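What follows is a single structure, written as structure tokens, with notes after it.
All chains are named by letter (A, B, ...) in the order of the sequence lines, taking the proteins before the strands, and each is independently numbered beginning at 1. What you see is a predicted model; the values in this text were computed from it and never measured.
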Amino acid sequence: MPSKTKKLLISDYNLDATLSSGQSFRWQKLGEDWEGIIGQQWVRLRSDHRYIIAEAASPQHNWEWLKKYLQLDFNLNQAIQTFPDDKPIQNALNATPGLRLLRQDYWETLAAFILSATKQIVQIQQMVRLLSERYGTQILADGDSPVFAFPTIEAIADCTEKELRACKLGFRAPNLLAAARDILNNKINWQKIPLMDSTEAREELIKLRGVGQKIADCILLFAGGHQHVFPIDVWVERALQRLYFTKSKPSSRQLRHFADNHFGPFAGLAQQYIFHHARIHLKLK
DNA sequence: TTCCAGGTGCATA
DNA sequence: TATGCACATGGA
């Protein structure tokens, strides 16, 4: 029977850390609950040690969309076994057990990370919210305020640069606009990206103005599920230097090489642990 | 007031 | 290949 609520069995799933770790920008914590938007669905989540309790705005025939987004079938323990046995990564693991990677929509991830350039996470959330309120469609929700899906590619492509700047995007506005229009004009092979290997997909994504390796890697990891991809941002760069290179100051090229060869097949997950650890626990800068 | 934020693109040497 | 800088906006 379709139901508005669902009890999902979990183990080692740290919902708080996962939803607040800078992968997705559409979640809000209200008391013990998380309210968020996944595609066209509003959902409220709450977790204890053994379950995530989900509540949707309308009765659901199946919950695969949520299971996929949360990656409930991902074997975290097996992935962690492949991590290097060194202090830094083990410390990051111990600091936030159960941190996971989500599997998000390609377009929304691309757009959000185009907006992420030199912005704090709270400000990215604000830009995404403004864009959604103004150019997304309203969706059914069971909370206190109206909720909007992230705007479609077409909706963004129809905007003017001025309208996007009015959503506080600043110099990111022309980049987001060009990305939407270039996708619709087939300037890049957008439809095939999910089928490509990571190298090919990255080459395709960085054809977009405002998308370099870091943003492309976030899309590959958070939307594409390319587990070995290791995005290096300022936090991760500082953390790697602090944790692994105490005596020398490696160039960003050397760091890139180190990251690609040190963390193994689930390097992307290792990156998320390092990022979260650096942001929450380490006094970097 | 000043500094800086999940970067990128471009100029310069 | 490496470094420096501009690019908007808002919070600390």
Identify each atom pair where a protein N or O and an N or O of nucleotides 9-12 of chain C are less than 3.5 Å apart, giving names and distance.
residue : atom : partner   : partner atom : Å
dT9(C)  : O2   : Lys119(A) : NZ           : 2.5

Review item, nucleotides 1-6 of chain C N/O atoms under 3.5 Å of protein N/O:
none

Distances under 3.5 Å between nitrogen or oxygen atoms of protein and nucleotides 10-13 of chain B:
residue : atom : partner   : partner atom : Å
dC10(B) : OP1  : Arg209(A) : NH1          : 3.4

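Here Ser58(A) pairs with Gln60(A), Leu140(A) under the side-chain contact (heavy atoms from CB on, under 4.5 Å) rule; sequence neighbours left out. With sequence neighbours left out, the ring pair (Phe, Tyr, Trp, His ring centres under 6.0 Å) criterion links His277(A) to His281(A).
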Indicate every side-chain donor-acceptor pair of residues 182-197 of chain A with a distance under 3.5 Å to a residue at least two apart or in another chain.
residue   : atom : partner   : partner atom : Å
Asn185(A) : ND2  : Arg181(A) : O            : 3.1
Asp197(A) : OD1  : Thr199(A) : N            : 3.1
Asp197(A) : OD1  : Glu200(A) : N            : 2.8

Using atom types as modelled, flag every donor-acceptor pair under 3.5 Å from a side chain in residues 94-101 of chain A to any protein atom, sequence neighbours excluded.
residue   : atom : partner   : partner atom : Å
Asn94(A)  : ND2  : Gln90(A)  : O            : 3.1
Thr96(A)  : OG1  : His276(A) : ND1          : 3.3
Arg100(A) : NE   : Asp12(A)  : O            : 3.0
Arg100(A) : NH1  : Phe74(A)  : O            : 3.2
Arg100(A) : NH2  : Ser11(A)  : O            : 2.8
Arg100(A) : NH2  : Asp12(A)  : O            : 2.9

In residues 210-220 of chain A, what donor-acceptor pairs under 3.5 Å come from side-chain atoms, sequence neighbours left out?
residue   : atom : partner   : partner atom : Å
Gln213(A) : NE2  : Asp217(A) : OD2          : 3.2
Asp217(A) : OD1  : Arg202(A) : NE           : 2.6
Asp217(A) : OD1  : Arg202(A) : NH2          : 3.0

Result block: side-chain N/O donor-acceptor pairs under 3.5 angstrom for residues 172-180 of chain A, not counting sequence neighbours:
residue   : atom : partner   : partner atom : Å
Arg172(A) : NE   : Leu115(A) : O            : 3.3
Arg172(A) : NE   : Ala117(A) : O            : 2.9
Arg172(A) : NH1  : Leu169(A) : O            : 2.9
Arg172(A) : NH2  : Ala117(A) : O            : 2.8
Arg172(A) : NH2  : Thr118(A) : O            : 3.4
Arg172(A) : NH2  : Thr118(A) : OG1          : 3.2

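Side-chain heavy-atom separations under 4.5 angstrom define the hydrophobic clusters, and the remaining members of the one that includes Tyr51(A) are Leu9(A), Ile53(A). Cluster partners of Trp42(A), by chain and number: Ile37(A), Ile139(A), Val147(A). The rule joins Ile, Leu, Val, Met, Phe, Trp and Tyr whenever side-chain heavy atoms lie under 4.5 Å apart. Through direct or indirect side-chain contacts shorter than 4.5 Å among Ile, Leu, Val, Met, Phe, Trp and Tyr, Leu45(A) is connected to Leu8(A), Ile10(A), Tyr13(A), Leu15(A), Leu19(A), Trp27(A), Trp34(A), Ile38(A), Val43(A), Ile52(A), Trp63(A), Trp65(A), Leu66(A), Tyr69(A), Leu70(A), Leu72(A), Leu102(A).
The phosphate of dA5(B) has OP1 or OP2 within less than 4.0 Å of a side-chain N or O from Arg238(A).
At a threshold of 4.5 Å between non-hydrogen side-chain atoms, the residues Lys29(A) and Ser20(A) do not count as touching.
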